[in-house]
Amino acid sequence: MRNFAVLTENVGKKFDIGTMRQKMLGQQFRYWVQGHQPTRSFWALRNVSFRVEHGEGLGVIGPNGSGKSTLLRILSGILQPNEGRVESNGPVNPFLALGVSLLPQLTVMQNLKLCAALLGYTGREFRRKLDSIIEFSELSDYLYAAVADLSVGWASRVAFSIAIHADLNILLVDETLEVGDAYFREKCKRFFRKIKEQGKTIILVSHSMDDIVGVCDKAVYIDGGRQMAFGDVPSVITKYENTVALRMKKTAEARGT
C-alpha cells in the first residue's frame with residue numbers, strides 16, 4: 001500500500017518552441033505547407049524529486065518562470081512529464097490558477113454550478129454543500145451578479161470556495177491567496193490547517209513566504225526548471241531568499257549602483 005500522498009522522481013517536462021520569426025513570405029509558406037516550423041527544445045522542468053505525506057502541506061517557491069505552475073499541471077494530470085514519474089494517492093483537483101474556470105458573463109451562482117460540474121460534484125452533493133460554500137466565500141449578496149462586475153479579489157473566491165469543498169485528497173493551489181485581502185488570506189490558511197488535520201494534502205505555489213510558513217510543512221525551491229532545494233520550510237526559504245539577495249547584489253554592482 002502506498003503511504004505517501006504525492007511522489008515525484010526525476011520529473012522533467014520539455015516543450016518545443018519556435019526559434020525565429022520568418023520574414024520572407026516564401027519561407028513562411030514553405031513551412032506552412034510542410035506542416036512544421038523551426039523549433040528548439042526547452043526544458044521547463046528537470047530532475048524534480050520529492051515526497052509528500054498525507055496530511056502535509058508542500059510549498060512550491062521560486063521566481064517567475066521557474067516552472068512552478070508547470071509542476072502543478074503535471075501533478076494534476078493536465079500535462080504528462082517527458083521523463084521521470086509522478087504518483088498520487090487520491091483524487092487531485094484541476095483548479096490551478098485564479099479564474100481559469102470562470103466565465104465572466106455568467107453570474108456567481110452559474111459559475112459555482114459550472115465549477116462544481118468540472119470538479120465532478122453530483123447534483124445532490126452540490127445542493128448539500130452549497131450553503132457552506134456560499135458562507136465561506138461570503139458572496140451571498142452577489143450570487144446573481146455577473147463575475148465580470150466583481151473585483152479580482154471577490155471573483156477569486158468563487159472557484160476557490162467550491163474547489164476546497166470538493167471531496168479531494170490532494171488540493172493544488174496556484175497563488176490563490178495572493179489576491180485576497182488579509183482577512184480572507186487568514187481564513188483560507190485556517191481552513192487549510194483544518195483539512196490537513198483530516199489527512200488531506202495541500203500543495204501551494206506562492207510568492208508569499210508568510211503563506212508558505214502558515215500552511216506548509218515542507219517546501220521545494222525551483223529555479224530555471226531545476227530543483228534547488230527540498231526539505232523543511234525555514235531552510236528552503238532561507239536558501240531561496242539568499243539566492244534572491246545575491247542576484248540583487250550582482251545586478252546592483254553591474255549597474256554601478
| query | Does one side chain, of R185 or S208, offer a donor that lies under 3.5 Å from an acceptor on the other? | reply | yes
| said: Check whether H54 reaches the backbone of F4 with its side chain - one donor and one acceptor, N or O, closer than 3.5 Å. | reply: yes
| request: Compute the ring centroids of F42 and F15, then answer whether they are less than 6.0 Å apart. | output: no
| said: Strictly distance-based, threshold 3.5 Å: is any side-chain N or O of T8 a donor or acceptor partner for the main-chain N or O of V48? | reply: yes
| Flag side-chain contact, heavy atom, 4.5 Å: D223 against P63 | yes
| note | All heavy atoms of D217 vs all of G55, minimum pair found to be OD2-O, 4.1 Å
| said: Is a donor from one side chain sitting under 3.5 angstrom from an acceptor on the other, for Y240 and N242? | reply: no
| Any salt bridge between K13 and E83, counting N to O under 4.0 Å? | no
| Any side-chain heavy-atom pair of L171 and I203 under 4.5 Å | no
| field | Heavy-atom pair of closest approach, residues N3 and E53 | value | O-OE1, 3.7 Å
| task | Output yes when a side-chain donor or acceptor of N111 lies under 3.5 Å from a complementary backbone atom of T107, and no otherwise. | result | yes
| task | Side-chain contact test, heavy atoms from C-beta onward, threshold under 4.5 Å: evaluate it for F50 versus L7 and give yes or no. | result | no
| query | Do the side chain of R193 and the main chain of G214 share a donor and acceptor less than 3.5 angstrom apart? | reply | yes
| If you measure from CG on N47 to CZ on R226, what distance do you get to the nearest 0.5 Å? | 5.5 Å
| Donor-acceptor side-chain pairing of Y183 and E138 below 3.5 angstrom | yes
| task | To the nearest 0.5 Å, tell me how far L139 CG sits from I133 CD1. | result | 11.5 Å
| message | Quick check: do F184 and R157 have side-chain heavy atoms less than 4.5 Å from each other? | response | yes
| request: Please check if any side-chain donor atom of S41 sits under 3.5 Å from a side-chain acceptor atom of D16, or the reverse. | output: yes
| query | So, F160 versus H165, ring centres under 6.0 angstrom or not? | reply | no
| When hydrophobic residues are tied together by side-chain contacts of less than 4.5 Å, even through go-betweens, does M248 share a cluster with I237? | yes
| Non-hydrogen side-chain atoms of L45 and K68 separated by less than 4.5 Å | no
| said: Between I202 and L58, is there a side-chain heavy-atom distance shorter than 4.5 Å? | reply: no
| Distance-minimising heavy-atom pair for I170 and A5 | CD1-O, 3.5 Å
| Between R51 and E9, is any pair of side-chain heavy atoms under 4.5 Å apart? | no
| said: For a quick test of reading the model, state the closest non-hydrogen atom pair linking C115 to I162 and the distance between them. | reply: CB-CG2, 3.5 Å
| request: Please round to the nearest 0.5 Å and tell me the distance separating atom CZ of F126 and atom CG of L112. | output: 5.5 Å
| query | From L79 CG over to L71 CG, what is the distance, rounded to the nearest 0.5 angstrom? | reply | 10.5 Å
| Short side-chain to backbone donor-acceptor contact, K239 and F230, under 3.5 Å | no
| said: Can you tell me if K187 has over 12 outside heavy atoms packed within less than 6.0 Å of its NZ? | reply: yes
| Just by distance, do the side chain of K196 and the backbone of V215 share a donor-acceptor pair under 3.5 Å? | yes
| Y121 (side chain) donor-acceptor with K129 (main chain) under 3.5 angstrom | no
| message | So if I apply the side-chain contact (heavy atoms from CB on, under 4.5 Å) rule between L102 and each of V108, L150, V158, which one comes out positive? | response | V158
| Which residues pass the side chain to side chain contact (heavy atoms under 4.5 Å, CB included) test with R127, sequence neighbours left out? | R124
| message | Any side-chain to backbone donor/acceptor pair from Q227 onto S49? Under 3.5 Å, distance only. | response | yes
| said: Quick check for you: to the nearest 0.5 Å, what is the distance between C216 atom SG and L204 atom CG? | reply: 5.0 Å
| Looking at D174 and S69, what are the two nearest heavy atoms and their distance? | OD2-OG, 2.7 Å
| Does E186 pair with K189 as a salt bridge, N-O distance under 4.0 Å? | yes
| In a check of side-chain contact (heavy atoms from CB on, under 4.5 Å) between V60 and each of L172, V173, V220, which one passes? | V220
| request: Using salt bridge (Lys or Arg N to Asp or Glu O under 4.0 Å) as the criterion, list what pairs up with K218, not counting sequence neighbours. | output: E56
| said: With a 4.5 Å cut-off on side-chain heavy-atom distances among I, L, V, M, F, W and Y, is there a chain of contacts connecting W43 to L72? | reply: no
| said: Using every non-hydrogen atom in the two residues, find where A146 and P104 come nearest and quote the distance to one decimal. | reply: CB-O, 3.8 Å
| Polar side-chain atom of N82 near backbone of K14 as donor-acceptor pair, under 3.5 Å | yes
| Hey, quick one: are Y144 and Y142 part of the same hydrophobic cluster, counting side-chain heavy atoms closer than 4.5 Å, chains of contacts allowed? | yes
| query | Do the side chains of N169 and N89 get nearer than 4.5 Å, heavy atoms only? | reply | no
| task | Using salt bridge (Lys or Arg N to Asp or Glu O under 4.0 Å) as the criterion, list what pairs up with E135, not counting sequence neighbours. | result | none
| request: Starting at NZ of K200, measure out to NZ of K194 and round the result to the nearest 0.5 Å. | output: 10.0 Å
